Amino acid sequence: MTAQQDLTVSNFGPLLALAGTWEGSDGVDFSYHHAETSTGDTPYFERVTFSTFGPVDNGTQHLYGLDYRMAAWRMTELDQDPFHTEVGYWLYDPAAKQIMRCFMIPRGAVVIAGGTCEPDAASFEISAELGSTNYGILENLYLAENASTERYTASITIGDGEWSYEEDSVLRMKGRDDLLHHTDRNTLKKVADA
């Protein structure tokens, strides 16, 4: 925490409750499994760390946020490298009541998802669209040709000592006529303060 940082809900909105380290073993990833050439569920364990920062000033805009790192392991591979990781920021603009999640995954995709929420909200939704210049999705050439993410949505609910999410990444996959809803959900419990 910097000397200028004011850790209040009026600045950080619902993000303030997420500061710290969280773990959850109830994760379920529904996705396409290349080895089986079919869709299926993958149970997973997840660890997320959030550290506060801010304000970040863009002229008259003042953002407050969380620097975050996330890793997920298949329940059958807890002693191996994670099958999914993310790095990024969760941001809150208290004046505009905009909440944002900006993240990158090492498969070559970047997402800036956002939505509107009150500072004392216990739940909120964010979304991003391929091609949007505001809340949008970028991906490498391989993903664009083989598994392009057209839309990303997430619903987050924050409780006492826990939080949960449901995500939907809508994919247009090469060789399929229908869209694939790649979904993830988990409930995480706080294991350490920030």
Side-chain angles (χ1 to χ4, degrees), residues 13-36 38-50 65-78 80-92 99-107 109-117 121-130 135-137 139 143 147-173 176 178-192:
L15 299 181
L16 188 59
L18 297 177
T21 301
W22 303 79
E23 294 181 350
S25 57
D26 295 327
V28 178
D29 169 82
F30 176 81
S31 61
Y32 184 79
H33 297 187
H34 288 277
E36 295 87 19
S38 64
T39 56
D41 289 336
T42 300
Y44 63 91
F45 168 81
E46 177 177 6
R47 180 179 298 121
V48 183
T49 58
F50 294 107
L66 303 171
D67 176 302
Y68 91 99
R69 292 188 167 273
M70 173 274 204
W73 293 261
R74 291 179 183 94
M75 293 301 286
T76 57
E77 300 174 354
L78 294 174
Q80 299 178 30
D81 289 337
F83 80 101
H84 181 78
T85 59
E86 297 174 5
V87 295
Y89 303 104
W90 292 57
L91 303 169
Y92 190 65
I99 196 154
M100 295 158 265
R101 180 178 177 189
C102 313
F103 63 100
M104 174 178 248
I105 59 172
R107 296 177 190 272
V110 177
V111 177
I112 299 178
T116 303
C117 84
S123 63
F124 57 90
E125 295 183 357
I126 55 176
S127 64
E129 299 275 346
L130 184 65
Y135 296 139
I137 302 162
E139 54 197 12
L143 291 175
S148 182
T149 303
E150 295 197 349
R151 180 167 171 77
Y152 166 83
T153 58
S155 298
I156 292 86
T157 302
I158 302 169
D160 186 21
E162 72 175 33
W163 68 284
S164 61
Y165 65 84
E166 293 188 15
E167 299 176 339
D168 184 10
S169 298
V170 181
L171 305 176
R172 180 166 304 285
M173 298 190 64
R176 288 181 63 127
D178 60 329
L179 294 173
L180 174 67
H181 288 264
H182 175 154
T183 61
D184 294 283
R185 68 179 186 274
N186 204 353
T187 298
L188 298 97
K189 309 266 187 213
K190 190 174 227 180
V191 296

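Here the structure is a predicted model, which is why all the values come from computation and not from measurement. All values below were derived from every heavy atom in this structure, side-chain atoms included, with hydrogens, water molecules and symmetry-related copies excluded.
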Note, [X] side chain near [Y] side chain (heavy atom, < 4.5 Å):
X: Leu78; Y: Phe45; value: yes
X: Glu139; Y: Leu130; value: yes
X: Asp41; Y: Asp29; value: no

Are the charged groups of Glu86 and Arg107 less than 4.0 angstrom apart, N to O?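 Salt bridge flag = no for Arg107 with Glu86.
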Residues 13-28 side chain polar contacts: donor-acceptor under 3.5 Å, at least two apart:
from	atom 1	to	atom 2	distance (Å)
Trp22	NE1	Leu18	O	2.7
Glu23	OE2	Arg47	NE	2.8
Glu23	OE2	Arg47	NH2	3.1

Report yes or no: does Trp73 contribute a side-chain atom to a donor-acceptor pair with the main-chain N or O of Gln80 at less than 3.5 Å?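 Indeed, once roles are kept as given, a pair shorter than 3.5 Å links the two residues.
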To the closest 0.5 Å, what do you measure between [atom1] ([X]) and [atom2] ([Y])?
X: Ser31; Y: Met173; atom1: OG; atom2: CE; answer: 9.0 Å
X: Tyr165; Y: Glu46; atom1: OH; atom2: CD; answer: 3.5 Å
X: Leu143; Y: Ile105; atom1: CG; atom2: CD1; answer: 7.0 Å

Do the ring planes of Tyr32 and His34 sit parallel (below 30°), tilted (30 to 60°) or perpendicular (above 60°)?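 If you compare the ring of Tyr32 with that of His34, the planes turn out perpendicular.
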When you look at CZ of Arg185, are more than 12 heavy atoms from neighbouring residues, nucleotides or ligands closer to it than 6.0 Å? no
Heavy-atom pair with the smallest gap, counting every atom of Tyr44 and Ala72: CD1-CB, 3.8 Å
Gly115 and Ile126 have their tightest heavy-atom pair at N-CG2, 3.9 Å
Any side-chain donor paired with an acceptor under 3.5 Å for Asp184 and His84?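 Short answer, no.
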Pairing donors with acceptors under 3.5 angstrom, does anything connect the side chains of Arg101 and Tyr152? yes
side-chain contact (heavy atoms from CB on, under 4.5 Å) evaluation trace for Val48 with Tyr68: CA-CA 7 Å; Val48 183; Tyr68 91 99; 4.1 Å; yes
Which residues share a side chain to side chain donor-acceptor pair (under 3.5 Å) with Thr116, sequence neighbours left out: Gln98
